[in-house]
Amino acid sequence: MKEQIIKILTELRPEFDFTQEGVDFIEEGMLDSFDIVTLVDEIETAMGVAISGMDVVPENFCNIEAICQTIERNRK
Amino acid sequence: MLTSFKNKKISAVYSVLPSHEVDFMDEAGNYSFSEIQMKKLKRVMGFGTRRVALEGETVGDYAIYGITKMLQDGVFKESEIGAIIVTTTSPDHFIPPISNIVQGKFDFDEDVVCLDISQGCCGYTVGLTYSFMTLEAMRNKKVLLIAGDMLTFRVSTRDRASRPITGDAVTISVIENCENENIAYCSLKNDGKDAFAVYIPAGGTRMPITPETTVEKPDEFGNWRGNQHLMMQGDLVFNIIINKTPEVMEELLAKSGDKIEDIDYFVCHQSSSFTLKKLSQRLGVTEEKLFNDIVPKYGNSSSATIPVTMCEHHKEMFADGKRKKVMFAAFGTGMSLGAVLMDMEAPVCKFLDYPHQS
């Protein structure tokens with residue numbers, strides 16, 4: 001799943017390296033609110049999961065781990 | 001306020017749209033999006049084409065044009081009207097109210113109630129509720145509900161959050177009493193603690209417009225705005241919509257005794273394609289029941305999007321000639337939330353293109 005998320009992120013913002021450990025994508029300005037909604041849409045299409053609107057908040061997309069947890073939570 | 005009204009109906013809806021159309025993809029130079037982002041946002045957010053008024057055109061101009069056409073089409077007679085209610089955040093002037101300007105342009109009675117309500121995206125549900133309340137006091141009259149906005153002028157051309165979705169439109173609905181034993185359930189809620197989540201700082205008494213207030217400055221996301229421009233805390237507004245709107249809708253269902261699957265159509269304020277998609281997922285209804293196609297075609301025209309949606313979809317909604325259970329829901333400036341649940345017969349619906357003078 002991590003590789004798939006990194007691929008989506010890299011297609012969205014090719015100027016950034018999303019494989020770095022310990023980086024907050026939001027604080028570092030790598031993702032803004034438009035990137036998040038686009039990311040949600042791409043994840044839903046690629047992984048067949050509907051992300052709840054209540055989960056569309058920056059802290060759920062600040063790193064790869066948080067994104068994975070958000071996807072898993074919405075699969076249940 | 002949670003309330004209900006007996007024997008009310010929406011008999012006609014006309015939507016007056018600017019003929020002038022702009023396309024998001026032609027505005028690339030205004031925003032700091034990459035080409036990839038623009039293509040993706042076009043699909044996800046509904047950044048497509050939108051109808052935009054020309055500078056100097058007003059809500060009153062469009063309303064007068066629409067009412068003239070309705071009179072020519074025989075939709076109502078001037079003598080039948082007991083009230084003119086306007087919901088907008090773009091008044092023609094501070095003084096006089098638009099409802100009075102409209103009243104004076106036609107042969108309406110001097111007894112006609114004229115009321116302007118300062119409401120944005122929630123305006124149609126607020127206006128419907130006030131129309132029903134007014135009709136309780138005038139059994140043999142009809143209400144003209146004018147709902148619309150001309151906000152394009154108030155959104156910076158370099159505001160990449162709001163500009164790509166903002167459109168202009170003015171709608172006129174005829175609301176009247178009827179004998180069909182219909183009950184309309186209405187709920188209006190407000191949370192003024194977040195009143196400045198959608199905000200135009202300059203132009204009122206607090207901050208008059210001066211050369212200093214019109215200087216555009218960048219924010220951290222690359223939007224350039226002056227104080228005369230609309231500013232929106234998008235994350236907060238989205239959060240309120242997703243959390244609170246379903247609660248208001250569920251409250252009405254509890255009041256009416258209906259289940260969500262009993263509702264034939266959800267006609268909601270269309271703020272962005274993404275927001276409506278998340279709302280339909282939250283409610284567990286398909287986009288065949290909750291329309292989500294106005295923003296990419298016409299833009300978000302504030303209080304006009306609900307009646308514009310009815311004009312766009314009335315043929316399929318009422319194709320079998322039967323009454324339908326329809327839920328209207330909206331959310332916007334204030335922050336205000338509103339929902340109306342009612343059985344509807346097919347209203348007379350029509351789109352009109354406003355003929356620009358220049």
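Just so it is clear, the values below take in all heavy atoms, side chains as well, and ignore hydrogens, waters and symmetry mates. Numbers restart at 1 for each chain; the letters A, B, ... are given by sequence-line order, proteins then strands.
- When each of Ile242(B), Ile241(B), Thr275(B) is scored by its heavy-atom pairs under 4.5 Å with chain A, the top score falls to Ile242(B).
- Residue with the most contacts toward chain B among Val37(A), Thr38(A), Asp35(A): Val37(A) (heavy-atom pairs, distance under 4.5 Å).
- Between Arg43(B) and Asp41(A), at least one side-chain N (NZ, or NE/NH1/NH2) sits under 4.0 Å from a carboxylate O, which counts as a salt bridge.
- Residue Lys244(B) qualifies as open at atom NZ: its count of foreign heavy atoms under 6.0 Å is 12 or below.
- For residues 17-34 of chain A, heavy-atom neighbours of chain B at less than 4.5 Å comprise Asp32(A), Ser33(A), Phe34(A), sorted by residue number.
- Closest non-hydrogen pair, Ile51(A) versus Lys278(B), comes out as O-NZ, 2.6 Å.
- The ring pair (Phe, Tyr, Trp, His ring centres under 6.0 Å) contacts involving residues 216-252 of chain B comprise Phe238(B)-Phe274(B), where partners must be two or more places apart or lie in separate chains.
- Annotation: maximal heavy-atom pairing with chain A below 4.5 Å, among Asp235(B), Asn239(B), Val44(B), occurs at Val44(B).
- Among residues 56-75 of chain A, the residues having any heavy atom closer than 4.5 Å to a heavy atom of chain B are, in sequence order, Val56(A), Val57(A), Pro58(A).
- When all heavy atoms of Pro14(A) and Ile36(B) are compared, the closest pair comes out as CG-CD1, 4.4 Å.
- Contact annotation for Glu42(A): only side-chain heavy atoms (C-beta onward) come within less than 4.5 Å of a heavy atom of chain B.
- Contacts of Ile36(A) with chain B are absent, with no heavy-atom separation under 4.5 Å from either backbone or side chain.
- Residues of residues 187-194 of chain B never come closer than 4.5 Å to chain A when only heavy atoms are counted.
- For Glu15(A), the CD atom counts as densely surrounded, since its 6.0 Å shell holds more than 12 non-hydrogen atoms of other residues, nucleotides or ligands.
- The residue among Gln37(B), Arg282(B), Met45(B) with the most heavy atom pairs within less than 4.5 Å of chain A is Gln37(B).
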